[in-house]
Structure formats: C-alpha cells, structure tokens
Amino acid sequence: MKVRKAVIPIAGLGTRHFPASHAVKKEMFPVVGTDGIARALFHYHLLELDAAGIEEICFIVQPGEDKMVKKYLLGPDKNYLKRLEKYPALLREAAEMKKFSEHISFAVQHEQEGYGHAIFQTKDFANGEMVLLGLGDHLFRGKLVSPYRELAEMVKVSAGKSVSAVNRISANELRGYGTIAGVRRQENPRLIDVSLIIEKPTVAVAEEKLHVDGLPKETWLGWFGMHLLAPSIYEILGEMIRNNIRDGGEFQLTRAQELQRQREGYLAVEMTEAQRFDFGVPDDFVASVRSFRHSA
Ligand code: UTP
C-alpha cells in the first residue's frame, strides 16, 4: 500500500500574527530556503510532499483563497518574467512552481471552527484512503530522509491504523501539544502503540498519565505536527460536528484522534532526525525563518 494523498490546512485566522496577518495570511509569509530563494511558506509543503512521492495535495482554505494560491503558483505576467531573466534561478523557480498549479486541489472551510473542523472538509478528497496531514504553519526537514516520506512509509506497518509523528518535549512545552502515553514495539522502539492522547495536558496530568518507556525524566512525546490519518477519522469528526462536541469553542482534531484510538488503536512514531519549524506566533516565526534558512 502507498500513501498518495496529503492535506494541508491553511484556513486559520492567524490571529496571533495580527496585524501582519490582516495584510497577508501567515501561510503566505516569506520564508527563505536553504538555496536563498524567498518563497511563500505554504510553497515548501508542495516541494517537500512532491519529494516524498505524494501524488495529490489538497489545501484547506477560506472562501476565495484558492484563487490567491493558484495566482501565486501560476507566477508573474510576461513583463515581470522578462525582469526575472536577470536571475536565472528565479526564472527556473517560476517554471517549476507553475507545474504545481495544475496538480493541487482545494477544500473550502467556510467558517473557522477549528483544526478538526478544517480537516473534516477534506472527507471527499480523501475518499476512503489514508492521508498525510501537515500543519500549514509549520515546516519540516529531515537530515537523512524527508519527514513526510518517513511518516508515509509507516503505512507498511500500521495495519490500517493512524500514525502520528511525535517528538520529545519538556514540561514547559506540554501546554502547546497533543501528548501521548504508550508502549514501544520491541522490534522497532521508535514505533509506539498509543494508550492515551491528551491535548495540552498540565504537568500534573502528564506526570500521572502520559508515560512512554525509555524517556529521560520530565520528558514526554508530543505532536510533531504531521499525522498519517486512517479514513475513520472523518466519521469521527462528522459525529463530533453533528453532536457539537467542542473544546475551547472549536472542533479539535486531537479529540477525534483519541476517539479513534479507543475504537481501533493508534500508533505514533518518534521522529529522531527530523526538525520542525513553527511559524505560528511572531517570535517563533523569527527564530524559524533563521533556522530554516540554514537547515540541512
Ligand atoms: P492554529 O492553531 O495556529 O490556528 O492552526 P490559527 O487560526 O491559524 O491561528 P491563531 O490561533 O488564530 O493565531 C494550525 C493550522 O491549522 C489551520 C491554520 O491555518 C494553521 O495552518 N487552521 C486552523 C485551519 O485551517 N482552520 C481552522 O479553523 C483553524
């Protein structure tokens, strides 16, 4: 089995980046690649997913934003292209990105009712297949292999279950992440059979309930920002939306993931080589722009 599809949500409001996000959505903020080229943040997801062998990519957008994304990918008009002739690398980039414009699709989230609600909009796109999901305001880099590919490969051992990428987090990071308890597989200790998922636990709850063997003291495994989702996630999200089951006013993916775990089991894979870059708040954005530029 091969994972062919990926979804990237970019329909959030980006409130924490106000007022910049009032001018440009955060997933379109400029980020400089290791090659020195400035691209819109979301563009790197396309490059990484393409390199990971993903065939179909769906962006979750606000109404009208599909045109904006397509316009970006289609590149500039003839006059502008003429100016780019002075910069061959940028001219090549314009040709490369144009190819993506023909291959991507969009799902519209009409109201911003949370991350889980956003993912639900891709039910028809997924059409019963396992899908890769990457947080739109994060980027990922692997030293040896693309993290998207690494996670997609897990389909071979997951027996149809969802698999979330996790990495080590400390006590002060718990408030930012879905965090797991579980047991490592003997034959592959990076792979964990998850026994509980809690979104943004307190330190006390994490100490009591979120144990994974083989971790140093006061260290937990939290969401890395990408998931390989089994199709039943859409039924569960649909039930949550019908029954208006919200957390903090929004439909949260983590609750759906915990329900999915209870019904059919859930796996996590510890990312040991890969790096994640969080662009979601201004200070993290500044730090991530710098470190991404010089990442492996
Ligand atoms: P965030 O949790 O950062 O939410 O979303 P946000 O709305 O973008 O930002 P703030 O909290 O208002 O500052 C994580 C990812 O999920 C997408 C966002 O675009 C971001 O890439 N998202 C979030 C949606 O697509 N729809 C939503 O309703 C919420």
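In listed order, ligands and their atoms are each counted from 1.
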For the pair R184 and L215, evaluate side-chain contact (heavy atoms from CB on, under 4.5 Å) and give the outcome as yes or no after the intermediate values. CA-CA 11 Å; R184 292 181 191 271; L215 292 178; 3.6 Å; yes
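In terms of protein heavy-atom proximity, atom 23 (C) of ligand 1 is nearest to G12 CA, 3.8 Å. Looking from atom 25 (O) of ligand 1 to the surrounding protein, the closest heavy atom is A11 N, 2.9 Å. Protein heavy atom in closest approach to atom 7 (O) of ligand 1: L13 N, 3.1 Å. Protein heavy atom in closest approach to atom 26 (N) of ligand 1: Q109 OE1, 2.7 Å.
Within the listing of ligand 1, atoms 16 (O), 29 (C) sit less than 4.0 angstrom from a heavy atom of Y115. Distances below 4.0 Å separate heavy atoms of Q112 from the following atoms of ligand 1: 28 (O). If you number the atoms of ligand 1 from 1 as listed, the ones under 4.0 Å from a heavy atom of T15 come out as 10 (P), 12 (O), 13 (O). Of all atoms in ligand 1, listed by their number and element, those nearer than 4.0 Å to a heavy atom of A118 are 24 (C), 25 (O), 26 (N). Contact atoms of ligand 1 toward E113: 28 (O) (distance under 4.0 Å to a heavy atom of the residue). Heavy-atom proximity to R16, at under 4.0 Å, picks out these atoms of ligand 1: 1 (P), 3 (O), 9 (O), 10 (P), 11 (O), 13 (O). For ligand 1, the atoms lying closer than 4.0 Å to a non-hydrogen atom of L135 are 14 (C), 15 (C). Close approach to G136 involves these atoms of ligand 1, each under 4.0 Å from a residue heavy atom: 21 (O).
Salt-bridge annotation for E150 and R190: present, with a side-chain N of the basic residue lying under 4.0 Å from a carboxylate O of the acidic one. We find that K2 and E55 are joined by a salt bridge, their nearest charged nitrogen and carboxylate oxygen being less than 4.0 Å apart. We find that E102 and K99 are not joined by a salt bridge, their nearest charged nitrogen and carboxylate oxygen being 4.0 Å or further apart. Classification of E270 and R168 as a salt-bridged pair holds, one side-chain N sitting under 4.0 Å from a carboxylate O.
A cation-pi contact, defined as under 6.0 Å to the ring centre and within 45° of the axis, links K5 to F125.
In this structure, G280 does not count as a contact residue of ligand 1, since none of its heavy atoms falls inside 4.0 Å of the ligand. Residue H117 places no heavy atom under 4.0 Å from ligand 1.
Surrounding CZ of R175 are at most 12 heavy atoms belonging to other residues, nucleotides or ligands under 6.0 Å away.
Side-chain contact between R261 and E258 is present, with at least one heavy-atom pair separated by less than 4.5 Å. Between L174 and I169 there is a side-chain heavy-atom pair separated by less than 4.5 Å.
Inclusion of I60 in the set of residues having an N or O under 3.5 Å from an N or O of ligand 1 is not warranted.
Both the backbone and the side chain of P9 come within 4.0 Å of ligand 1, judged by heavy-atom distances.
At least one donor-acceptor pair under 3.5 Å links the side chain of Q112 to the backbone N or O of A11.
For atom 19 (O) of ligand 1, the choice among E27, Q252, H17, K26 with the nearest heavy atom turns out to be E27.
In summary, of the residues considered (F100, F59, F29), a ring pair (Phe, Tyr, Trp, His ring centres under 6.0 Å) with F42 occurs for F59 alone.
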